[in-house]
There are 2 protein chains.
Amino acid sequence: MRKSFFKWRCMENKYPLDGASVKILKALQQDARLSVQDLSGRIGLSSTPTWKRVKEMEKAGVIDHYTAVLNRARVGLKNCVLAEVNLARHVENVVEEFEKAVQEHDAIIECYATTGQADYMLKVVTPDIGEYDAFLHNVIFKLPGVSEIRSSVVLREIKPPSPLPLDHL
Amino acid sequence: MRKSFFKWRCMENKYPLDGASVKILKALQQDARLSVQDLSGRIGLSSTPTWKRVKEMEKAGVIDHYTAVLNRARVGLKNCVLAEVNLARHVENVVEEFEKAVQEHDAIIECYATTGQADYMLKVVTPDIGEYDAFLHNVIFKLPGVSEIRSSVVLREIKPPSPLPLDHL
DNA sequence: GCTGAAACCGATAGGAA
DNA sequence: TTCCTATCGGTTTCAGC
């Protein structure tokens, strides 16, 4: 098993994480508001070293930020669509313009450039499907380089965005 | 514009959110560790009502939980794949078994049932593409009802998972 | 429902093991 | 490094508006 390799220092990573730090990360992914005391209790360290580790991982960018996860339905965003987008390769500056537009529109909450059929995969949230239709026509279709869009409406959330698995460390 | 409808009470939502509460939610999405004092300063309320609103929104499930967002690369998860999965409709209990397996495997960090070509869309993270290949063969292909998989490897993250837009409220 | 003050508890920083 | 302790600041509660 490769696990032992990674136990105290993971060479493949940008940042060395030992068992205690991994436990901290797992706990903070589940509840970012845990007090240092609670954290230290769980991982079997006292609070000062626990606190130092958290601060170091924040500074090193292992912990990027902390966020409140909202219930989409309760804030009136019942509609979620996964959209595959293709760009017309012959148009000038398509990539730059498309990626800039993606950043500017808050309804697009995720976007990846991918291999496979599509050039990009987007996650778009709106109050209802009507608003998505409007967004498609007023925003996406208006972008110069967009040649194809395939929209997949989310029918059911089987697994919501979940903590990153850290057992490989 | 429909905006005025929603200003003080959004009929379509499960929970009524006024301007101050929306500001709180926006701030907490950006930084879940903001102190009540900082929050209250930003929104122009004193700390007691700010605190009460936060607690109420937690209890009402508007705020689902708080999480630490980690840097994928720095915790050794350089590979991310979006996988479309189709199930064979004739096999018994496929849906239940597939969705149960999705919950059990930590490498699958998101899963949606969607309209369109695929039955499901999955997001899978692994240390490298080799581990993804192993995961496909050892886990996904072994599930009885899975008939098709189309994997799109993420080449570049244009927009990481971002705060929900709340301007419609 | 908001304000302000007061009590309590946790976070941060220093020094010792 | 970690632990202990003191200080400081934030959270939470309560009385009054």
Side-chain angles (χ1 to χ4, degrees), chain A residues 4-11 13-70 74-75 166 169, chain B residues 4-11 13-70 74-75 166 169:
Chain A
S4 54
F5 268 122
F6 294 103
K7 199 166 183 185
W8 288 100
R9 193 165 263 266
C10 183
M11 313 276 284
N13 297 345
K14 293 282 182 303
Y15 193 83
L17 295 167
D18 65 13
S21 293
V22 169
K23 281 185 191 170
I24 291 173
L25 292 177
K26 283 185 183 177
L28 287 178
Q29 282 193 105
Q30 289 187 254
D31 183 1
R33 303 207 94 169
L34 276 176
S35 71
V36 174
Q37 302 204 323
D38 281 343
L39 262 180
S40 62
R42 290 185 188 208
I43 66 173
L45 243 55
S46 76
S47 57
T48 308
T50 305
W51 176 78
K52 276 192 172 180
R53 280 158 186 266
V54 172
K55 291 298 154 197
E56 271 162 28
M57 290 191 289
E58 286 172 2
K59 198 150 56 174
V62 175
I63 299 173
D64 191 78
H65 65 284
Y66 300 92
T67 187
V69 178
L70 309 186
R74 294 224 229 280
V75 295
L166 300 175
L169 294 171
Chain B
S4 53
F5 268 122
F6 294 103
K7 201 166 182 186
W8 288 99
R9 192 164 265 265
C10 183
M11 313 277 283
N13 298 346
K14 293 283 183 302
Y15 194 81
L17 294 167
D18 65 13
S21 293
V22 169
K23 281 185 191 170
I24 291 173
L25 292 178
K26 283 185 182 177
L28 287 178
Q29 283 194 106
Q30 289 187 254
D31 184 1
R33 304 208 93 167
L34 277 176
S35 71
V36 174
Q37 300 203 327
D38 281 343
L39 263 179
S40 61
R42 289 186 190 207
I43 66 172
L45 242 57
S46 73
S47 57
T48 307
T50 305
W51 178 80
K52 276 192 173 182
R53 279 156 186 268
V54 172
K55 290 298 155 196
E56 270 163 28
M57 290 190 288
E58 287 173 0
K59 198 150 56 173
V62 175
I63 298 172
D64 191 78
H65 65 284
Y66 301 93
T67 188
V69 178
L70 309 186
R74 296 226 165 85
V75 295
L166 300 175
L169 293 172

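Heavy atoms only: backbone and side chains are in, while hydrogens, waters and symmetry mates are out. Note that the structure is a prediction, hence the values are computed from the model and not measured. Naming convention: chains lettered A, B, ... in sequence-line order (proteins, then strands); numbering from 1 in each chain.
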(Q) Taking any heavy-atom pair under 4.0 Å as a contact, classify Gln37(B): base, sugar-phosphate, or nothing. (A) base
Q | Salt bridge present between Arg53(B) and Glu56(B) (N-O < 4.0 angstrom) | A | no
Q.
Please report the distance, rounded to the nearest Å, between CG in Leu28(A) and P in dA11(C).
A. 11 Å
(Q) Using OP1 and OP2 only, check whether a side-chain N or O of Arg33(A) sits under 4.0 Å from dG10(D). (A) no
Q. Does any non-hydrogen side-chain atom of Thr50(A) lie less than 4.5 Å from one of Ile43(A)?
A. yes
Q: Inspect the contact between Arg74(B) and Asp64(A) and indicate whether a charged nitrogen and a carboxylate oxygen are less than 4.0 angstrom apart.
A: no
(Q) Can you identify which nucleotide, out of dT3(C), dT11(D), dC3(D), has its nearest atom closest to the Pro49(A) side chain? (A) dC3(D)
Q: Find out whether Leu28(B) and Leu70(A) are in side-chain contact, i.e. whether some heavy atom of one side chain is under 4.5 Å from a heavy atom of the other.
A: no
Q) How does protein contact run along nucleotides 12-17 of chain C, one letter per nucleotide 5' to 3', with B for base contact, S for sugar-phosphate only, - for none, heavy atoms under 4.0 Å? A) SBB---
Q | Leu34(A) side chain near Arg42(A) side chain, heavy-atom distance below 4.5 Å | A | yes
Q. Between dT2(D) and Arg53(A), is there an OP1 or OP2 to side-chain N/O distance shorter than 4.0 Å?
A. yes
Q: Measure the distance from CD1 on Ile43(B) to P on dG1(C) and round it to the nearest whole Å.
A: 14 Å
(Q) With heavy-atom distances below 4.5 Å as the criterion, would you say the side chains of Asp31(A) and Asp38(A) are in contact? (A) no
